[in-house]
Asks: 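Here you go, one structure.
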Amino acid sequence: MTEKKKTGCFKIGCFGCLGLSGAVILFFVLLSVLQVAREQGGRESVTRNATRELPRIEELERMMASGEIGDRGELSIDPSVLASPEIASRIGRVELDLDLGEFEIEAGEPGSAVEVEADFEEDAFRFEERLVEDDDGGYTYRITMRPKGGMIGLMLRGAGNNPRNRVTIRIPPDRPIDLVGTIGLGSSRLDLGGLWLRRVDLEAGTGEHTIEFDEPLRSPLE
């Protein structure tokens, strides 16, 4: 008669499973302690302001200066103006990569630069803004707000509980752009009225997101 060998946890007297369970429990206890300590110590936020002048399109500037387009009596500019090769290749992208916070976009003043105001927890989040110009005269202006180390890093820092992040973006209404990118967890209010948008392609995550058009666009969307 042969004796069957014990397998699984019982092979080593349950110590393997108990050790694994203890490690999991210890991880969540440590995570809770970090969160409590952070709440008791307060969470400090920093403010970053950025002003970025977008590249100009000379042909558009000439047409606006001569009165060919942009007359004050016009409600909108014919979209065919943006389809000409010398203009279409130079239209830039404002690209959003925003996650976990409150985000707002609105029209700035004519002739102004893009203005970005960011209030965030610097030890837990990464804020960046960068303008990259292409060889054909186009450009991408990218605005990023992401947790450092992803969601796991955010949890370990104890900052996942009601993070104090807010980003406000003001876009000049007299520059044609494509507005693209993602807005993740959180809330957003996009008041796009009055802007000169050729295309809008945004993906929104879980949260409360609204898009408003309080004024007509400078030109109909594609």
Asks: I want to check something: taking the side chain as every heavy atom from C-beta on, are Phe127 and Asn165 in contact at a cut-off of under 4.5 Å?
Replies: no

Asks: Report the distance from atom CG of Asp174 to atom CG of Leu195, rounding to the nearest 0.5 Å.
Replies: 10.0 Å

Asks: Is there side-chain contact between Arg166 and Glu104, with at least one heavy-atom pair below 4.5 Å?
Replies: yes

Asks: Tell me, with the steps shown, if Val114 and Ile169 meet side-chain contact (heavy atoms from CB on, under 4.5 Å).
Replies: CA-CA 7 Å; Val114 176; Ile169 304 168; 4.2 Å; yes

Asks: If you measure from the Lys or Arg side-chain nitrogens to the Asp or Glu carboxylate oxygens, is any gap between Glu68 and Arg62 under 4.0 Å?
Replies: yes

Asks: Closer than 4.0 angstrom, basic N to acidic O: yes or no for Arg142 and Asp97?
Replies: yes

Asks: Any side-chain heavy atom of Leu96 within less than 4.5 Å of one from Leu202?
Replies: yes

Asks: For Gly193, is there any backbone N or O sitting under 3.5 Å from a side-chain donor or acceptor partner on Asp214?
Replies: no

Asks: Any non-hydrogen side-chain atom of Thr182 less than 4.5 Å from a side-chain atom of Leu98?
Replies: no

Asks: Tell me whether the count of non-hydrogen atoms from other residues, nucleotides or ligands lying under 6.0 Å of CD in Glu128 goes above 12.
Replies: yes

Asks: Checking side-chain polar atoms at under 3.5 Å, does Tyr141 have a donor or acceptor matched by the opposite partner on Glu129?
Replies: yes

Asks: Would you check if Val116 and Ile143 make a side-chain contact, meaning some heavy-atom pair closer than 4.5 Å?
Replies: yes

Asks: Can you find a heavy atom in the side chain of Ile87 that is under 4.5 Å from one in the side chain of Met63?
Replies: yes

Asks: Hey, are Glu222 and Arg199 close enough for a salt bridge, meaning a charged N less than 4.0 Å from a carboxylate O?
Replies: no

Asks: Can a donor-acceptor pair be found, under 3.5 Å and without considering hydrogens, that links the side chain of Asp134 to the backbone of Asp136?
Replies: no

Asks: Of all the heavy-atom pairs spanning Ser219 and Pro79, show the shortest one and how long it is.
Replies: OG-CA, 3.4 Å

Asks: Counting the benzene-type ring for Trp, do Phe125 and Phe120 have ring centres under 6.0 Å apart?
Replies: no

Asks: Taking all heavy atoms of Ala118 and all of Val167, pick out the closest pair and write down the distance.
Replies: CB-CG2, 4.2 Å

Asks: Given side chain to side chain donor-acceptor pair (under 3.5 Å), test Thr47 with Asp119 step by step and report yes or no.
Replies: CA-CA 4 Å; Thr47 300; Asp119 298 295; 2.4 Å; yes

Asks: Cluster question for you: counting only ILVMFWY and a side-chain heavy-atom cut-off of under 4.5 Å, with indirect links fine, are Val94 and Val132 together?
Replies: no

Asks: Is it true that Arg175 and Glu53 have a side-chain N and a carboxylate O under 4.0 angstrom from each other?
Replies: yes

Asks: Give the intermediate values and the outcome of side-chain contact (heavy atoms from CB on, under 4.5 Å) for residues Leu221 and Val200.
Replies: CA-CA 8 Å; Leu221 288 169; Val200 176; 4.0 Å; yes

Asks: Looking at Arg170 and Glu117, is there a salt bridge between them, counting it only when a charged N and a carboxylate O are closer than 4.0 Å?
Replies: yes

Asks: Check for me, please, whether Val180 and Leu54 land in the same ILVMFWY cluster - side-chain distances under 4.5 Å, paths through other members count.
Replies: no

Asks: Say you draw a straight line from CD1 of Ile171 to CG of Asp191; how long is it, rounded to the nearest 0.5 Å?
Replies: 11.0 Å

Asks: Working to the nearest 0.5 Å, report the span between CD1 of Ile183 and CE of Met145.
Replies: 12.5 Å

Asks: For the residue pair Gly194 and Pro173, what are the closest heavy atoms and their distance?
Replies: O-CB, 3.3 Å

Asks: Please determine whether a side-chain nitrogen of the Lys or Arg among Arg56 and Glu58 lies less than 4.0 Å from a carboxylate oxygen of the Asp or Glu.
Replies: no

Asks: Report the C-alpha separation of Thr144 and Asp99 in whole Å, then their side-chain angles, then the decisive distance to 0.1 Å, and conclude whether the side-chain contact (heavy atoms from CB on, under 4.5 Å) test is met.
Replies: CA-CA 8 Å; Thr144 301; Asp99 195 13; over 6 Å; no

Asks: For the side chain to side chain donor-acceptor pair (under 3.5 Å) test, which of His209, Glu208, Glu102 pairs with Ser188?
Replies: His209

Asks: Yes or no on side-chain contact (heavy atoms from CB on, under 4.5 Å) for Tyr139 and Leu131, after CA distance, side-chain angles and deciding distance?
Replies: CA-CA 7 Å; Tyr139 64 88; Leu131 177 67; 3.5 Å; yes

Asks: Could you tell me whether the side chain of Pro55 reaches within less than 4.5 Å of the side chain of Glu133, counting heavy atoms only?
Replies: yes

Asks: Assigning hydrophobic clusters by single linkage (Ile, Leu, Val, Met, Phe, Trp, Tyr; side-chain heavy-atom cutoff under 4.5 Å), is Phe213 placed with Leu179?
Replies: yes

Asks: For a quick test of reading the model, state the closest non-hydrogen atom pair linking Ile57 to Pro176 and the distance between them.
Replies: CD1-CG, 4.2 Å

Asks: In terms of side-chain geometry, is the basic nitrogen of Glu95 or Arg93 positioned less than 4.0 Å from the acidic oxygen of its partner?
Replies: yes

Asks: Taking the side chain as everything from C-beta on, heavy atoms only, tell me whether Glu106 gets closer than 4.5 Å to Arg189.
Replies: yes

Asks: How many angstroms lie between CG in Leu82 and CG in Leu197, if you round to the nearest 0.5 Å?
Replies: 10.5 Å

